Amino acid sequence: MSLENVCRAVKVALDGSGYPISVGMRNAGTPTPCLVYEINGATCDMRMAGPIGLQHWTVEVEVAAVADTVEQVTQMVDSVLSLFNGGPINDTTNDCSVAIGSFAVTFTAETPDDGQQDAERIGTMSMTLLVQED
């Protein structure tokens, strides 16, 4: 399984949150609330022996939930976490399953620079995702 398919599967999983998503940085003009994610690293942990040789990846992802209020941020964090609560996400397009291995969140506020009266609130989720080739 290619790293490209792993990255696509992560985006497909996060698309299930229902919020607009940007990669790396928030696109100019994207309204809040929105998600901004970055894959910080990916490791191909093992390749099963045998004729099929399935791969297992560990992917480190940071997802920033950007909103105008803390309440919106916590709702977004809950939405992202709930994506994985039902077990692995089967991605038939990219021939893999995505499960969560660990999850943590930190909260910050940004300096107002968008013409609004208040700073944006951000919840940064650090996740370890386990991706298995199907």
Side-chain angles (χ1 to χ4, degrees):
M1 169 174 54
S2 70
L3 180 58
E4 182 179 7
N5 280 7
V6 170
C7 293
R8 286 181 183 167
V10 169
K11 183 176 186 315
V12 166
L14 293 173
D15 276 338
S17 71
Y19 293 99
I21 296 177
S22 299
V23 181
M25 70 172 61
R26 182 173 152 204
N27 297 329
T30 301
T32 56
C34 66
L35 296 173
V36 179
Y37 81 96
E38 184 92 54
I39 295 176
N40 294 328
T43 304
C44 185
D45 295 315
M46 67 180 199
R47 185 176 180 96
M48 298 294 288
I52 297 176
L54 298 178
Q55 293 180 351
H56 298 256
W57 288 78
T58 300
V59 182
E60 300 297 330
V61 181
E62 280 196 358
V63 181
V66 183
D68 297 325
T69 67
V70 173
E71 182 179 65
Q72 287 176 317
V73 168
T74 56
Q75 290 168 355
M76 295 170 73
V77 170
D78 287 341
S79 176
V80 170
L81 186 55
S82 72
L83 294 171
F84 301 97
N85 283 342
I89 298 170
N90 242 352
D91 185 337
T92 55
T93 303
N94 294 298
D95 296 323
C96 62
S97 296
V98 181
I100 194 160
S102 68
F103 182 91
V105 62
T106 58
F107 297 95
T108 57
E110 287 293 321
T111 304
D113 66 350
D114 58 1
Q116 296 185 17
Q117 297 296 321
D118 199 6
E120 292 172 337
R121 304 301 197 253
I122 300 173
T124 302
M125 297 164 267
S126 299
M127 299 186 290
T128 300
L129 299 179
L130 308 172
V131 183
Q132 175 183 307
E133 186 175 17
D134 289 338

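What you see is a predicted model; the values in this text were computed from it and never measured.
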- line: For W57 and C44, the nearest pair of non-hydrogen atoms, with its separation, is CE3-N, 3.6 Å
- line: Between M127 and F103 the two heavy atoms that sit nearest each other are CG-CD1, 3.5 Å
- prompt: Taking only residues two or more places apart in sequence, or in another chain, which ones meet D95 in a side-chain contact (heavy atoms from CB on, under 4.5 Å)?
  reply: none
- prompt: Does the side chain of I21 come within less than 4.5 Å of Y37's, by heavy atoms?
  reply: yes
- request: Taking side-chain contact (heavy atoms from CB on, under 4.5 Å) as the test, write out the residues that go with E38, two or more places apart.
  value: N40
statement: With sequence neighbours left out, the residues meeting side-chain contact (heavy atoms from CB on, under 4.5 Å) with C34 are P20, R26, T30, V66
statement: So CG of D134 and CG of L54: to nearest 0.5 Å the spacing works out to 8.0 Å
query: Taking C-beta and beyond as the side chain, do V59 and V6 meet within less than 4.5 Å on heavy atoms?
result: yes
task: Test side-chain contact (heavy atoms from CB on, under 4.5 Å) on T58 and L130 and set out the steps.
output: CA-CA 5 Å; T58 300; L130 308 172; 3.9 Å; yes
statement: Residues A42 and L3: closest non-hydrogen pair is CB-CD1, 3.8 Å
statement: One should read off an interatomic distance between T108 OG1 and R121 CZ, to the nearest 0.5 angstrom, of 9.5 Å
query: How would you list, by chain and number, every residue that makes a side chain to side chain donor-acceptor pair (under 3.5 Å) with T128, sequence neighbours excluded?
result: E60, S102
- request: Might you point out which heavy atoms bring A9 and V98 nearest each other, and give the distance in Å?
  value: CB-CG2, 3.9 Å
statement: In terms of heavy-atom contacts, H56 and Q132 come closest through CE1-OE1, 3.2 Å
field: Test item: V36 and V63 side chains (from C-beta on) under 4.5 Å apart, heavy atoms
entry: no
Enumerate donor-acceptor pairs with a distance under 3.5 Å from any side-chain N or O in residues 78-89 to protein atoms, sequence neighbours excluded.
{"unit_1": "S79", "atom_1": "OG", "unit_2": "S17", "atom_2": "O", "d": "3.3"}
{"unit_1": "S82", "atom_1": "OG", "unit_2": "D78", "atom_2": "O", "d": "3.3"}
{"unit_1": "S82", "atom_1": "OG", "unit_2": "S79", "atom_2": "O", "d": "2.8"}

- request: Return the set of residues passing side-chain contact (heavy atoms from CB on, under 4.5 Å) with V12 (not counting sequence neighbours), or none when no residue passes.
  value: D91, N94
statement: Hits for salt bridge (charged side-chain N to carboxylate O under 4.0 Å, His left out) against E4, two or more places apart or cross-chain, chain-then-number order -> R8
- prompt: What's the shortest heavy-atom distance between V105 and M125, and which atoms?
  reply: CG2-CG, 4.0 Å
- request: List the steps, then state whether side-chain contact (heavy atoms from CB on, under 4.5 Å) holds for C96 with N5.
  value: CA-CA 8 Å; C96 62; N5 280 7; 5.8 Å; no
